[in-house]
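Notes to accompany the following structure.
Numbering starts at 1 and runs along the sequence shown. As a basis for the values below, the full set of heavy atoms in this structure was taken, side chains included, without hydrogen atoms, waters or symmetry mates.
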Amino acid sequence: MDNITVKIINRSHHALPQYSTPQSAGMDVRAYLPEGPVELLPGQRALIPTGLHIELPEGYECQVRPRSGLAFKHGITIVNAPGTIDADYRGEIGVLLMNCGQEPFTINDGERIAQLVVARYSHVEWNSTESISESARGEGGFGHTGVK
């Protein structure tokens, strides 16, 4: 586990994103809704502001992931999960939530709506070729290993 320092501007009145337990990978992030709650009807999506702006070190990204409790209990997920915040992005972090459940769901100011996971990444240099090596799996794709 690496420890890094990330600059953050918090324009909300909520606590900074934080880990729930010492070994959590994701930090809970809260909705910043000064205009009032947002209701998501089944099948509806909305961009929920957080009031947060970050400056990641070069070579890092911040992934925006769904919270498992919201997904399990209410069908609330992130449409583009995981969302990616690049190191050169300086705008407000927004969370694109969608209600995949059967009932309307209200998002309140300060509610924990997503998790942020900061991770290293690599840049790829493609090596064009006419062939690639064989593997035990080969071209087996979707569902090739069966259901058991």
Side-chain angles (χ1 to χ4, degrees), residues 1-129 132 135 137 139-145 147:
M1 174 175 58
D2 295 332
N3 289 320
I4 63 167
T5 299
V6 175
K7 292 182 179 180
I8 187 167
I9 296 171
N10 185 358
R11 295 206 167 111
S12 79
H13 52 271
H14 305 300
L16 293 176
Q18 53 194 323
Y19 299 102
S20 293
T21 68
Q23 294 185 2
S24 293
M27 298 170 272
D28 290 333
V29 65
R30 297 177 183 275
Y32 177 50
L33 299 169
E35 305 299 318
V38 171
E39 183 180 54
L40 282 180
L41 300 175
Q44 189 177 20
R45 62 186 179 269
L47 183 61
I48 306 299
T50 65
L52 303 173
H53 301 249
I54 60 175
E55 182 180 330
L56 293 166
E58 186 176 334
Y60 286 85
E61 65 161 327
C62 182
Q63 299 171 8
V64 183
R65 298 183 184 182
R67 294 193 70 240
S68 57
L70 286 179
F72 178 70
K73 294 175 186 173
H74 306 286
I76 304 301
T77 192
I78 296 176
V79 178
N80 61 326
T84 298
I85 301 167
D86 295 310
D88 56 354
Y89 178 69
R90 297 295 185 266
E92 181 178 6
I93 295 173
V95 179
L96 188 53
L97 291 182
M98 181 173 186
N99 184 349
C100 296
Q102 304 297 313
E103 303 293 328
F105 183 78
T106 300
I107 302 158
N108 295 297
D109 183 49
E111 186 164 355
R112 295 177 299 158
I113 57 168
Q115 295 184 73
L116 302 179
V117 175
V118 176
R120 284 186 175 275
Y121 65 86
S122 300
H123 271 188
V124 171
E125 291 185 26
W126 297 109
N127 180 7
S128 292
T129 185
I132 54 178
S135 73
R137 179 176 177 166
E139 294 185 17
F142 298 101
H144 84 283
T145 60
V147 295

Can you name the nearest heavy-atom pair linking L116 to P17, along with the distance?
-> CD1-CG, 4.0 Å

Side-chain contact, heavy-atom cut-off 4.5 Å: L16 with I8?
-> yes

Contact list for residues 27-40, test side-chain hydrogen bond (donor to acceptor under 3.5 Å, both in side chains), sequence neighbours left out = S20-D28, D28-R67, D28-R112

Can you check whether L56 reaches C62 side chain to side chain, under 4.5 Å on heavy atoms?
-> yes

Under 4.5 Å between any side-chain heavy atoms of I54 and I93, yes or no?
-> yes

Check the pair I107, L33 against side-chain contact (heavy atoms from CB on, under 4.5 Å), reporting the backbone distance first and the verdict last.
-> CA-CA 9 Å; I107 302 158; L33 299 169; 3.9 Å; yes

Check whether any side-chain heavy atom of R11 lies under 4.5 Å from a side-chain heavy atom of L52, and answer yes or no.
-> no

Close side-chain approach of P82 and V64, heavy atoms under 4.5 Å = no

Decide whether H53 and R90 meet the rule of one side-chain donor and one side-chain acceptor closer than 3.5 Å.
-> no

Has the side chain of N10 got a donor or acceptor atom that lies under 3.5 Å from a matching backbone atom of S12?
-> yes

Side chains of I85 and Q63 in contact at under 4.5 Å (non-hydrogen atoms) | no

If only atom types and distance count, is the side chain of E92 paired as donor or acceptor with the main-chain N or O of T50 below 3.5 Å?
-> yes

Heavy-atom nearest pair, P42 first then G101, reads CB-O, 3.4 Å

Verify side-chain contact (heavy atoms from CB on, under 4.5 Å) between D88 and E58, making sure each step is shown before the conclusion.
-> CA-CA 8 Å; D88 56 354; E58 186 176 334; over 6 Å; no

Check whether the ring centres of F72 and H74 lie less than 6.0 Å apart, and answer yes or no.
-> no

Within-4.5 Å side-chain heavy-atom neighbours: L41 and F105 | no

Partners of N99 by side-chain hydrogen bond (donor to acceptor under 3.5 Å, both in side chains), sequence neighbours excluded?
-> none

Spell out, as yes or no, whether a donor-acceptor pair under 3.5 Å connects the side chain of S24 to the backbone of G26.
-> no

Which heavy atom of P66 sits nearest a heavy atom of T77, and at what distance?
-> CG-OG1, 3.6 Å

Closest non-hydrogen atom pair, L40 against R45 = CD2-C, 3.8 Å

How would you list, by chain and number, every residue that makes a side-chain hydrogen bond (donor to acceptor under 3.5 Å, both in side chains) with T5, sequence neighbours excluded?
-> none

Locate the shortest heavy-atom distance separating V79 from M98; write the atom from each residue and the value.
-> CG2-CB, 3.4 Å

Does atom CD1 of I4 have more than 12 heavy-atom neighbours from other groups under 6.0 Å away?
-> yes

Take V95 and L47 through the test side-chain contact (heavy atoms from CB on, under 4.5 Å) and record every step on the way to the result.
-> CA-CA 5 Å; V95 179; L47 183 61; 5.8 Å; no

Do C100 and I76 come within less than 4.5 Å of each other through their side chains, counting heavy atoms only?
-> no

Worked check of side-chain contact (heavy atoms from CB on, under 4.5 Å) between N80 and I78 = CA-CA 6 Å; N80 61 326; I78 296 176; 3.3 Å; yes

